[in-house]
2 protein chains.
Amino acid sequence: MKTDLTNGLGGDHPCGQNACSEGVTGIRDALYVLNGKWKLPLLFALTEGPARFKDIQRTLGDITPKILSKELKELELNEFVIRRVIPTVPVTVTYEITDYSRSLQQVLHELKVWGINHRQRIVASRKSK
Amino acid sequence: MKTDLTNGLGGDHPCGQNACSEGVTGIRDALYVLNGKWKLPLLFALTEGPARFKDIQRTLGDITPKILSKELKELELNEFVIRRVIPTVPVTVTYEITDYSRSLQQVLHELKVWGINHRQRIVASRKSK
DNA sequence: CGGAATCCCAAAAGATACTG
DNA sequence: CAGTATCTTTTGGGATTCCG
């Protein structure tokens with residue numbers, strides 16, 4: 001994945017005279033930088049404030065350090081997250097979301113609400129069988 | 001991927017006394033059924049009304065028939081999409097979103113808005129270099 | 001047109017172990 | 001604690017061809 005700032009888009013849109021909505025392109029662009037299983041949950045986890053590596057790992061439940069490390073680096077590259085090193089012994093590292101990340105607030109909120117609702121629906125449908 | 005209705009969740013949440021927010025779980029649950037590069041764009045494409053296989057393919061730009069077919073099946077299983085066969089010659093097949101899909105409206109909207117904005121940001125940052 | 005069949009690859013993700 | 005290293009598995013996704 002090359003999700004750096006000079007290429008953070010989901011490809012060109014072939015918008016000719018056919019019905020290629022900018023909406024589809026918008027969503028594809030969003031998904032291009034926010035892809036995968038972890039980025040959105042991770043960013044959401046950081047909305048409550050900065051957290052340390054291990055803390056994030058616990059909040060996310062079952063992410064391995066390797067994956068978490070990779071995700072954090074990508075998010076840092078794309079300016080969603082800031083990594084801060086505090087020179088204690090042993091060293092303390094915190095991760096913090098940027099202002100740009102905050103522009104995702106609505107997305108995160110809607111997704112969260114929908115997900116909570118979806119879980120209830122599934123559980124309910126299981127009971128009724 | 002087993003994204004059927006009896007297992008449409010992103011796993012259990014280990015919520016003990018630690019700070020495991022239901023928000024993270026909500027987002028993970030949502031992502032579990034809406035994963036991948038295509039499901040959200042596809043659902044968005046269908047918000048404007050039913051469409052045929054080939055039409056969807058064109059709207060999405062560069063999805064191959066195999067992938068499109070797979071995505072549609074998964075979405076059908078999870079009750080996001082209805083497949084209708086019209087007995088013309090040759091046969092006509094349309095795909096239509098369900099009411100449950102419409103509960104994703106806000107999510108789709110926010111994601112679209114954010115994506116459009118994100119594209120502008122990237123393009124702008126490219127120019128200023 | 002609406003797919004299915006086959007082959008293939010790259011990337012995502014997980015397990016496990018280890019280090020400063 | 002905050003990661004890295006290695007290895008393996010999974011799956012997502014694409015190319016191409018073919019069929020009723």
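- Checking the phosphate oxygens (OP1, OP2) of D:dC1, no side-chain nitrogen or oxygen of A:Tyr95 falls inside 4.0 Å.
- When the P atom of C:dA12 is taken as reference, atom CG of A:Leu31 falls 13 Å away, rounded to whole Å.
- The backbone N or O of A:Gly10 lies less than 3.5 Å from a partner atom in the side chain of A:Asp29, making a donor-acceptor pair.
- In this structure, A:Gln57 atom CD and D:dG3 atom P are separated by 10 Å, rounded to whole Å.
- Salt bridge A:Glu22/A:Arg28: absent, no basic N to carboxylate O contact under 4.0 Å.
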Worksheet entry | Heavy-atom protein contacts under 4.0 Å, nucleotides 13-20 of chain C, coded B base, S sugar-phosphate only, - none | BBB-----

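- Looking at B:Lys39 and B:Glu71, a side-chain N of the basic residue comes within less than 4.0 Å of a carboxylate O on the acidic one, giving a salt bridge.
- Protein atom CG of B:Leu72 is 11 Å distant from nucleotide atom C1' of C:dG3, rounded to whole Å.
- For D:dC1, neither phosphate oxygen OP1 nor OP2 lies less than 4.0 angstrom from any side-chain nitrogen or oxygen of A:Arg52.
- Applying the side chain to side chain donor-acceptor pair (under 3.5 Å) definition to pairs two or more places apart or across chains, those involving residues 99-109 of chain B are A:Trp114-B:Ser103, A:His118-B:Tyr100, B:Asp99-B:Arg102.
- Contact check, A:Arg83 against D:dG3: a side-chain N or O comes under 4.0 Å of OP1 or OP2.
- A donor-acceptor pair under 3.5 Å is formed between the side chain of A:Thr59 and the backbone N or O of A:Asp55.
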